[in-house]
Every structure is written in C-alpha cells, then in structure tokens.
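Data block below; observations after.
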Amino acid sequence: MSLDHLWAGWRSEYVTSIGSVEAAVPGSPDGGTPDDPERCVFCRIASSGPPSAENGVLWVGTRTFAVLNAFPYASGHLMVLPIRHVGSLGVLSDEEGAELWSATRRAVAALEAAFGPEGINLGANLGQAAGAGIPRHLHLHAVPRWLGDTNFMTAVAHTRVLPETLAATWMRLHQVWPE
Ligand SMILES: [Zn+2]
C-alpha cells in the first residue's frame with residue numbers, strides 16, 4: 001500500500017465522520033467557503049469548549065489546537081490545526097506557523113508516550129487535488145504506526161475494529177500531553 005492510498009483513506013474516513021457533527025447545523029460537509037467558517041466542522045470543534053472526551057479536543061493553545069480524528073485509522077490518530085479558518089500554509093501568520101509546529105511536536109511526543117508506536121505518519125493534504133477532505137481549513141494528521149499494520153489495514157479497511165474507544169484514546173493522550 002502506498003502512502004498516497006493511506007492518505008486518501010484518511011480523507012474518506014474523516015468525511016464520513018462529519019455526518020454526526022453536521023447533523024446539528026445545516027450545511028455541506030466540505031468545510032464551506034473561505035468566508036464561511038460557520039459551516040466548517042473544524043471551526044465548530046474549535047469553538048466547542050475546553051478539551052474533553054466529548055468534543056475530542058486534546059489541547060488548545062493560543063492559535064492552534066489538537067483533536068482526535070473521529071474515525072481513526074489507528075488508535076491515537078489525531079489532527080493539529082490553526083484555530084483560524086485558513087486553507088493554506090501561506091496564509092498562516094508567522095506566529096500561527098510557529099505554534100502549529102510546536103503543537104505538532106507536542107502531539108508526536110504525546111503519541112509516543114501514550115502508545116509507544118514503532119513509527120508515526122505525519123503530514124497534510126494541501127488542497128482538494130491532494131486529497132484534503134476539508135480543504136478550506138488546514139490540518140495536519142498524525143497517525144501512530146506499527147510494523148506490519150499496513151497488511152491489516154488493507155484487509156479490513158472497510159470493516160475496521162479499533163482496539164479501544166475514542167474516549168479511552170482521549171484519556172490516554174490527555175494524561176501525557178506535554179504542557
Ligand atoms: Zn474552519
């Protein structure tokens with residue numbers, strides 16, 4: 001399985017997950033337009049209150065935050081995002097860019113402490129053609145990996161059973177998240 005296929009899988013998983021979040025607020029699941037953050041699922045998560053197992057938010061900084069992917073490829077699959085509704089790296093302020101990177105480092109440290117993975121996939125799909133499910137709101141994925149897990153994922157990609165609930169994953173990461 002190539003990395004491209006893996007990332008495309010993430011996109012479809014997340015788009016699928018938006019249904020429940022979208023239910024409360026009419027609108028398309030495409031993240032809305034650049035001027036329409038009220039229709040963006042990430043913006044709604046960012047304004048959903050302090051970190052909790054309910055909203056899946058793991059950490060909130062000054063300009064960025066981290067949240068669990070509601071339909072993870074592996075336990076611990078999370079995303080790091082700017083709070084501001086921006087779609088590209090070039091639009092980030094220097095402060096946002098710096099905090100995004102430091103938040104990503106915290107996320108990786110938390111994943112390592114909580115899950116002891118043998119590797120971590122870290123990256124972003126910039127734009128729709130690259131496979132971004134929510135192209136209007138920049139987000140970085142971090143997915144813990146283990147040797148041999150690709151075969152497992154290929155075989156059961158559509159009927160995946162994760163070894164723990166999102167609430168359990170949230171608690172595990174929340175406890176070790178670097179301050
Ligand atoms: Zn947004």
Side-chain angles (χ1 to χ4, degrees), residues 1-14 17 41-43 45-46 48 50-84 86-127 130-135 137-153 160 162-179:
M1 174 183 274
S2 74
L3 190 58
D4 280 347
H5 287 135
L6 178 62
W7 288 79
W10 293 357
R11 173 198 54 193
S12 61
E13 288 291 320
Y14 199 82
S17 78
V41 64
F42 291 150
C43 285
I45 293 171
S48 65
S52 72
E54 283 67 43
N55 63 13
V57 175
L58 291 156
W59 173 86
V60 180
T62 307
R63 298 174 179 86
T64 62
F65 70 107
V67 62
L68 287 178
N69 188 310
F71 281 74
Y73 241 108
S75 288
H77 181 176
L78 59 82
M79 294 171 295
V80 182
L81 313 82
I83 292 171
R84 196 160 62 96
V86 294
S88 71
L89 286 172
V91 180
L92 289 180
S93 69
D94 287 348
E95 292 78 13
E96 284 171 325
E99 192 181 296
L100 190 66
W101 187 241
S102 93
T104 300
R105 294 173 61 194
R106 289 167 191 239
V108 168
L111 287 174
E112 288 172 344
F115 292 97
E118 294 170 291
I120 293 174
N121 279 124
L122 175 66
N125 301 319
L126 301 178
I134 314 286
H137 197 137
L138 182 67
H139 52 286
L140 272 68
H141 293 268
V143 181
R145 301 294 305 274
W146 287 264
L147 293 172
D149 64 8
T150 49
N151 288 338
F152 169 78
M153 288 162 59
R160 192 173 307 116
L162 292 164
E164 69 179 20
T165 65
L166 284 175
T169 299
W170 183 89
M171 184 58 69
R172 199 198 277 251
L173 285 167
H174 185 70
Q175 284 169 342
V176 298
W177 199 273
E179 287 306 319

State, yes or no, whether a side-chain contact exists between [X] and [Y] at a heavy-atom distance under 4.5 Å.
| X | Y | value |
| --- | --- | --- |
| L138 | L81 | no |
| W59 | P51 | no |
| V60 | I83 | yes |
| L126 | S88 | no |

So, the side chain of [X] versus the backbone of [Y]: is there a donor-acceptor pair under 3.5 Å, distance only?
| X | Y | answer |
| --- | --- | --- |
| R106 | P178 | yes |
| E99 | T62 | yes |
| H174 | V57 | no |
| T169 | T165 | yes |

Nearest 0.5 Å, what's the [atom1]-[atom2] distance between [X] and [Y]?
| X | Y | atom1 | atom2 | result |
| --- | --- | --- | --- | --- |
| W177 | L78 | CH2 | CG | 5.5 Å |
| H139 | T64 | NE2 | OG1 | 15.0 Å |
| L58 | M171 | CG | CE | 11.0 Å |
| T104 | L140 | OG1 | CG | 5.0 Å |

P82 to L100 - nearest heavy-atom pair and separation: N-CD1, 3.9 Å
Mutual orientation of the aromatic rings belonging to F42 and H137 [parallel < 30°, tilted 30-60°, perpendicular > 60°]: perpendicular
Non-neighbouring partners of R84 that pass side-chain hydrogen bond (donor to acceptor under 3.5 Å, both in side chains), sequence neighbours left out: E96
side-chain hydrogen bond (donor to acceptor under 3.5 Å, both in side chains) partners for S102, two or more places apart: none
